[in-house]
Amino acid sequence: MKKTILLFSFILCYTFGFSQLHSPNVTIIDNLSKYTQNIHSGRNKSAANPKNCENDTVEYARLKGSQYQVVSISSGYALGQYYDAPDSIEVSGATFYGWNLSSQDDSIQVTVSLYKSGIDTLPTGSAIRSATFMVDTAFNAGVLSELRRSVAFSSSYTTNEPYIITISSSDSIRVGIVTNSYDNGDGAGENIASGTVGGTWYSCLNLNIGGAVLDCDVLLEPHVSYSTFAEFSGPNCYNWADSIAFNNTSSPLLNHRMYNRYIRYGIGQYSYYWYMGPGTSTLYGESPKFKSLSPKNYNARLITTMYGYKFGSGCRDTAYQELLFQPSEVGYIADTPFCSGTVGVVDAFSSGTVKWYDSPTSPSHFYLGKSYVTPTLNNTTSYYLQAENYQCKSSRKEITIPVALTPNNPTVIGDSICLNAQANISASSNAGSIIWWTDPIAGIPLDTSDVYVTPSLSSSTTYYAEADNKECKSAKRTLVYVDVNASNAPLNPITELDSVVCINDGQVTLSAISPSGDPLFWYDVPSGGSSISSGNTITYDPLALGNDFVYVESFDGSCASSRVQKKLLVWDFPSLDIPSLDTLCTGDTLTLDFTNSFGSVKWFDSPVNGTVVYDSNYVALIGLGNSTDFYLEPYSLGCVD
């Protein structure tokens with residue numbers, strides 16, 4: 001319910017038998033000092049400063065004031081001002097500003113009280129604390145320093161709930177109480193002042209004087225003391241690539257407009273100074289974000305400063321927390337495979353310290369560091385690496401170091417040939433492949449094969465064979481000698497150098513001819529050995545899939561030609577599960593897919609000869625109108641089922 005408080009013009013209300021609140025037409029001058037908006041250097045803040053803040057007088061209403069006005073109280077009429085208590089507040093008294101409006105030189109007793117606040121921010125219950133003060137008629141030109149009056153309660157009251165300071169009088173003579181300007185709306189719509197009309201409390205925005213809503217604050221300033229504290233938490237094991245957001249759990253008083261004047265000034269961020277250490281930027285604010293430029297541990301420090309109204313330099317507290325970065329997952333570089341019988345170097349990389357373990361669950365590491373020289377390795381070996389930064393750890397990562405068998409020095413077979421023939425020299429080792437050279441140490445490789453066919457040679461020549469198993473090389477290159485005698489070699493036989501032999505076809509006949517009509521001799525070794533057959537043909541019986549070799553040379557009675565290598569690929573047709581009957585409904589698609597098999601399938605329209613309809617290992621039959629017979633023939637490289 002809205003009440004109307006009248007000035008002089010509302011005399012009609014006198015007919016109801018009570019007096020209204022009155023606002024005398026005077027000028028109030030604020031000659032009291034105000035602390036400036038001084039931002040202290042963080043370097044001067046430390047935990048050595050006390051966090052128990054000295055007694056303060058909450059001048060919240062005065063600092064809100066653009067100007068000041070007066071509302072008078074008398075018997076049955078009082079004023080009140082609401083205050084939050086976001087944390088434990090000890091209230092010991094209050095300051096108000098006022099004088100006796102009597103025309104006589106006398107004093108009037110006023111009572112300053114402390115009440116709990118109801119949910120409507122109005123006094124509720126009985127007064128918790130009260131103190132009286134005699135107010136004289138000295139106006140003293142309306143300066144606040146002369147109108148200031150202070151009272152102390154007989155005992156302080158500690159609360160963490162909202163409270164209200166009131167001022168009242170039981171005398172009919174009016175006492176003027178200073179407020180900030182309701183004409184200018186200095187109350188800013190907070191509605192935290194209150195007043196009584198007819199003994200009933202009303203919020204200020206439900207009252208008016210001379211038609212002006214009482215949007216103001218009463219300069220009833222509690223005397224308070226409290227403690228503030230700095231407290232925060234940061235992330236455990238922070239990711240240095242992300243910004244760090246702190247959880248600031250410091251004293252709520254630091255961020256309250258009624259107790260921290262910097263909040264009232266709009267610069268409350270300067271009550272929080274964050275220091276990460278040398279070389280880091282200055283951070284202010286309740287919850288700023290910090291971005292690290294590298295994986296680094298920080299001893300994060302929060303220094304809070306409470307800028308009260310009566311202690312300009314503020315009271316401070318400091319909180320610390322060690323911020324540890326989360327090490328990155330371990331990666332590694334190694335020139336693998338390592339060669340058996342040798343040591344190798346594995347270089348690990350992570351932002352943390354790298355520990356090496358011999359199992360995924362081993363409690364103790366066997367090596368600490370980022371570069372590890374292995375012992376002599378003969379088999380593929382696994383290590384388990386974990387990066388640590390104190391208690392911040394990456395996952396334990398398995399790395400496998402492949403070890404290739406170091407081949408033995410090759411065993412070689414040379415050749416003896418006639419002039420201008422090609423030699424077949426061969427070499428073998430226990431692992432890897434054979435590389436052929438003309439130099440025992442350097443040079444350019446000639447070929448990689450078990451058998452090297454030389455160019456036509458006119459003089460005896462040496463070659464060198466080296467075994468290579470995944471770049472693990474034999475200890476040395478082995479010399480291979482080709483002896484060339486003075487007799488001229490006959491012409492080489494003519495034959496197909498590469499042939500496909502189907503294993504299911506059984507024995508096949510291989511053929512060759514001599515351009516000069518010399519007899520031909522067949523061998524199963526590239527050089528030396530005994531002939532296994534003679535003549536222009538030889539019967540070959542394929543026994544296993546894969547590559548096989550036979551050799552043929554012509555002999556003129558005194559000299560042999562080059563021994564020509566004939567490569568035989570023993571192959572087979574694909575074995576496929578082909579249904580004898582498939583049913584296809586009109587409009588359906590029937591798919592036969594043999595793409596996971598080697599070879600392909602020919603589709604014929606006749607069991608013998610006929611036309612090839614499809615030649616593919618994937619066929620989709622679409623739109624067949626009648627029952628149709630197909631004859632499927634799997635094949636691969638000329639080997640036909």
Side-chain angles (χ1 to χ4, degrees), residues 407-408 410-418 420-437 445-457 461 463-469 478 480-483 489-515 518-555 559-573 598 636-639:
N408 297 332
T411 300
V412 299
I413 300 175
D415 202 359
S416 179
I417 61 173
C418 293
N420 295 321
Q422 294 172 289
N424 291 339
I425 53 178
S426 58
S428 62
S429 182
N430 62 326
S433 57
I434 301 298
I435 302 175
W436 296 93
W437 307 82
L446 301 172
D447 192 17
T448 301
S449 62
D450 292 342
V451 177
Y452 175 56
V453 180
T454 71
S456 298
L457 299 178
T461 307
Y463 294 93
Y464 297 88
E466 179 181 53
D468 182 306
N469 182 30
T478 303
V480 186
Y481 185 72
V482 178
D483 180 43
L491 296 176
N492 293 341
I494 299 174
T495 185
E496 284 187 355
L497 300 181
D498 294 286
S499 299
V500 176
V501 178
C502 299
I503 194 169
N504 284 301
D505 289 348
Q507 291 183 340
V508 296
T509 299
L510 308 178
S511 63
I513 61 172
S514 169
D518 295 314
L520 299 181
F521 295 88
W522 298 82
Y523 297 84
D524 58 4
V525 291
S527 62
S530 299
S531 171
I532 59 174
S533 183
S534 62
N536 289 354
T537 61
I538 184 175
T539 299
Y540 175 75
D541 189 7
L543 300 177
L545 297 177
N547 291 325
D548 200 3
F549 300 91
V550 295
Y551 301 87
V552 61
E553 68 180 20
S554 57
F555 184 70
C559 237
S561 69
S562 304
R563 191 173 291 185
V564 177
Q565 182 189 77
K566 185 175 180 65
K567 180 180 178 181
L568 304 173
L569 172 59
V570 181
W571 203 241
D572 197 4
F573 55 78
F598 71 94
S636 178
L637 297 181
C639 293

Euclidean distance, [Y] [atom2] relative to [X] [atom1], rounded to 0.5 Å:
X	Y	atom1	atom2	answer
Gln565	Asn424	CD	CG	7.0 Å
Ser456	Asn420	OG	CG	6.5 Å
Ile494	Ser511	CD1	OG	11.0 Å
Trp522	Asn536	CH2	CG	8.0 Å
Tyr540	Ile532	OH	CD1	10.0 Å
Phe573	Ile503	CZ	CD1	10.5 Å

Might you point out which heavy atoms bring [X] and [Y] nearest each other, and give the distance in Å?
X	Y	answer
Ser534	Phe521	CB-CD2, 3.8 Å
Val564	Thr495	CG1-CG2, 4.3 Å
Ala431	Pro407	O-CB, 3.4 Å
Ala465	Ile434	CB-CG2, 3.9 Å
Leu491	Ser554	O-OG, 2.7 Å
Asp518	Pro490	OD2-CB, 3.3 Å

Next item on the list: Mind running side-chain contact (heavy atoms from CB on, under 4.5 Å) on Val500 and Cys639 for me, showing each step along the way?
Entry: CA-CA 8 Å; Val500 176; Cys639 293; 4.2 Å; yes
Do the side chains of [Y] and [X] get nearer than 4.5 Å, heavy atoms only?
X	Y	answer
Leu457	Ile417	yes
Leu637	Leu569	yes
Leu568	Asn547	no
Ile425	Trp436	yes
Ile435	Pro445	yes

Notebook entry, point to check: Which residue pairs pass the salt bridge (charged side-chain N to carboxylate O under 4.0 Å, His left out) test with at least one member in residues 537-554, sequence neighbours excluded?
Noted result: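 Of all non-adjacent pairs touching residues 537-554, those that pass salt bridge (charged side-chain N to carboxylate O under 4.0 Å, His left out) are Glu553-Arg563.
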Check: Does the pair Thr537 and Leu510 meet the rule for a side-chain contact (heavy atoms from CB on, under 4.5 Å), with working shown?
Finding: CA-CA 5 Å; Thr537 61; Leu510 308 178; over 6 Å; no
Note to self: Donor-acceptor pair, distance only, cut-off 3.5 Å: does the side chain of Asp415 make one with the backbone of Ala423?
What the structure shows: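 No, the answer is negative, given that no donor and acceptor are paired below the 3.5 Å cut-off.
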Next item on the list: Spell out, as yes or no, whether a donor-acceptor pair under 3.5 Å connects the side chain of Ser527 to the backbone of Gly414.
Entry: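 Yes; judged by distance alone, with no hydrogens or angles, the pair exists.
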Check: Any chance the side chains of Ser562 and Asn492 put a donor and an acceptor closer than 3.5 Å?
Finding: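 Ser562 vs Asn492: donor-acceptor pair found between side chains.
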Notebook entry, point to check: Can you name the ring-ring contact (aromatic ring centres under 6.0 Å, His included) partners of Trp571, sequence neighbours left out?
Noted result: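 Expected list: Phe598.
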Notebook entry, point to check: Tyr463 and Thr478: side-chain contact (heavy atoms from CB on, under 4.5 Å), yes or no, with the steps?
Noted result: CA-CA 8 Å; Tyr463 294 93; Thr478 303; over 6 Å; no
Checklist line | Qualifying residue, where the test is side chain to side chain contact (heavy atoms under 4.5 Å, CB included) with Lys566 and the options are Val552, Val550, Ile538 | finding: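 Going through the options one by one, the only one that passes is Val550.
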Next item on the list: From the options Val453, Asp447, Leu446, select the one residue that forms a side chain to side chain contact (heavy atoms under 4.5 Å, CB included) with Ser449.
Entry: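 Of all the options given, the one that passes is Asp447.
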